[in-house]
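Just so we're on the same page: letters track the sequence lines, and every chain starts at 1.
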Amino acid sequence: MNNFTNDSIQITFSQPNLDLFQIADSGQCFRMIPLESEKNGDTKEIPGFSVICSGRYCELYQKGEKITLLCMPQDETFWKNYLDIDTDYGTIIASVDPSDKYLLKAADFGKGIRILRQDLWEMIITFIISQQKAIPQIRQAVEDLCRSYGTATVNFRNHTYYSFPDPYQLSRASLEELKKHRLGYRAKYIYQVCQDAAGKHMDLDALKSMPYRQAMDYLMQFYGIGEKVANCICLFGLHHVNAFPVDTWIKKILMKEYWQDAYKDLPKNRLYTTMVHDHFSMYEGCAGVMQQYIFFYERRGNMSHLF
DNA sequence: TCCCAGGATACTC
DNA sequence: GAGTATCCTGGG
């Protein structure tokens with residue numbers, strides 16, 4: 001990380017409960033990519049990540065609790081905020097119910113995970129894309145949209161990177177164009193949401209000021225956004241840490257680890273809501289973090305690697 | 001070849 | 001309110 005060309009600054013700070021590798025494949029962030037260097041013709045992975053968010057580019061490196069941030073000087077505050085450095089995750093982990101052995105293990109295993117403060121619009125589109133897709137496919141589709149419709153900028157290494165297209169940029173894509181990016185049946189959802197956002201029918205600024213429940217109701221009015229996607233947008237795009245997205249992984253965990261006989265007569269639809277309420281509503285203000293811990297713990301046990 | 005993967009919609013009853 | 005077929009695509 002020594003041969004950067006111009007203007008960039010390098011800041012190193014110490015931060016507990018922050019693990020770049022865990023965050024990068026926690027499934028919340030799709031533009032945090034391992035850095036590679038070319039040596040003797042073949043590419044070699046180096047222990048760092050490039051991140052693109054809100055039109056900005058940075059590189060992050062880690063050694064123990066020491067995080068090194070490489071970015072433009074005016075963006076230092078932005079990236080520190082992105083990493084949610086003002087939240088004390090140690091306190092959150094310490095608040096785990098001692099009788100919940102599974103969550104204790106999961107929180108310890110994923111103690112370096114944080115809820116990043118990402119761009120709202122990017123999260124809306126990304127999690128619409130995410131439905132019925134695996135993480136590498138989501139990455140690919142997002143990168144595709146950025147290269148096709150985003151703004152090209154040259155970073156401090158003289159490499160070109162592409163911002164995530166804003167509503168106006170993305171709304172210029174026709175439905176047919178969107179379908180070419182392997183979005184499948186999601187293309188029509190994205191097309192409609194872009195039209196809504198560019199036409200101010202979807203008001204992102206208003207959304208940012210809404211409390212969690214209101215934001216959920218607002219988001220679910222739009223075509224292609226159901227409860228799960230709305231929860232992901234709330235958690236990762238609005239930093240509503242009470243949001244608790246329930247996908248098939250979480251359903252599996254709930255059935256495996258939190259089942260009680262009292263649930264046997266509940267219809268499936270009510271079942272998961274009830275289970276989440278019974279076991280996670282006590283984590284006021286950090287339930288979403290607990291969701292990330294169990295999600296990551298379960299997935300890591302089942303998958304060898306993701307990149 | 002079939003099946004399903006980190007869902008939502010439109011349609012049934 | 002609760003259950004189901006259908007929608008794209010890629011990979012096992």
Provide a list of protein-nucleic acid N or O atom pairs under 3.5 angstrom, restricted to nucleotides 10-12 of chain C.
from, atom 1, to, atom 2, distance (Å)
C/dG10, O4', A/Q137, NE2, 3.3

Contact pattern, 5' to 3', of nucleotides 8-13 of chain B - B, S or - by protein heavy atom under 4.0 Å: SS----

Touch class at under 4.0 angstrom, heavy-atom based, for A/R270 against every strand present: sugar-phosphate

A/D166 side chain to A/Y149 side chain, donor-acceptor N/O pair below 3.5 angstrom: no

Atom pair distance, as rounded to whole Å: CZ in A/F236 and C1' in B/dG6: 11 Å

A/Y212 and A/H240 aromatic ring geometry - parallel, tilted or perpendicular at 30°/60° bounds: tilted

Presence of salt bridge, A/R114 and A/D19, under 4.0 angstrom: no

A/E298 with A/K256: basic N within carboxylate O range, under 4.0 Å: yes

Whole-angstrom distance between C/dT4 and B/dC4, as gauged at atom P: 15 Å

Set of salt bridge (Lys or Arg N to Asp or Glu O under 4.0 Å) partners for A/K264, sequence neighbours left out: none

Spacing between A/I250 atom CD1 and B/dG7 atom P, to the nearest angstrom: 12 Å

Length of the line joining A/Q132:CD and C/dT9:P, which is rounded to integer Å: 14 Å

A/L204 side, atom CG; A/S209 side, atom OG - distance, nearest 0.5 Å: 11.0 Å

Helical stems, DNA chain C - three or more consecutive Watson-Crick or G-U wobble pairs below 3.5 Å: B:2-5 with C:9-12, B:7-13 with C:1-7

Atom-pair distance (CG on A/D144; P on C/dC8), nearest Å: 18 Å

Short N-O contact, A/R139 and A/E143, less than 4.0 angstrom: no

Whether A/H279 and A/Y263 hold their rings parallel, tilted or perpendicular, with breakpoints at 30° and 60°: perpendicular

Whole angstrom value for the distance that separates P of C/dC8 from CD of A/E176: 12 Å

Pairwise C1' distance for C/dG11 and B/dT1, with rounding to whole Å: 13 Å

P-based separation of C/dT6 from B/dC2 [nearest Å]: 15 Å

Length of the CG-P vector between A/D247 and B/dG7, whole Å: 7 Å

Rounded distance (Å) that lies between atom P of C/dG1 and atom CG of A/L271: 18 Å

Whole-Å P distance, B/dT9 and C/dG10: 23 Å

Donor-acceptor side-chain pairing of A/Y283 and A/Q291 below 3.5 angstrom: no

For A/Y189, all residues meeting ring pair (Phe, Tyr, Trp, His ring centres under 6.0 Å), sequence neighbours excluded: A/Y223

Length of the CZ-C1' vector between A/R299 and B/dA5, whole Å: 12 Å

Donor-acceptor side-chain pairing of A/Q221 and A/D217 below 3.5 angstrom: no

By ring pair (Phe, Tyr, Trp, His ring centres under 6.0 Å) - contacts of A/H239 (at least two apart): none

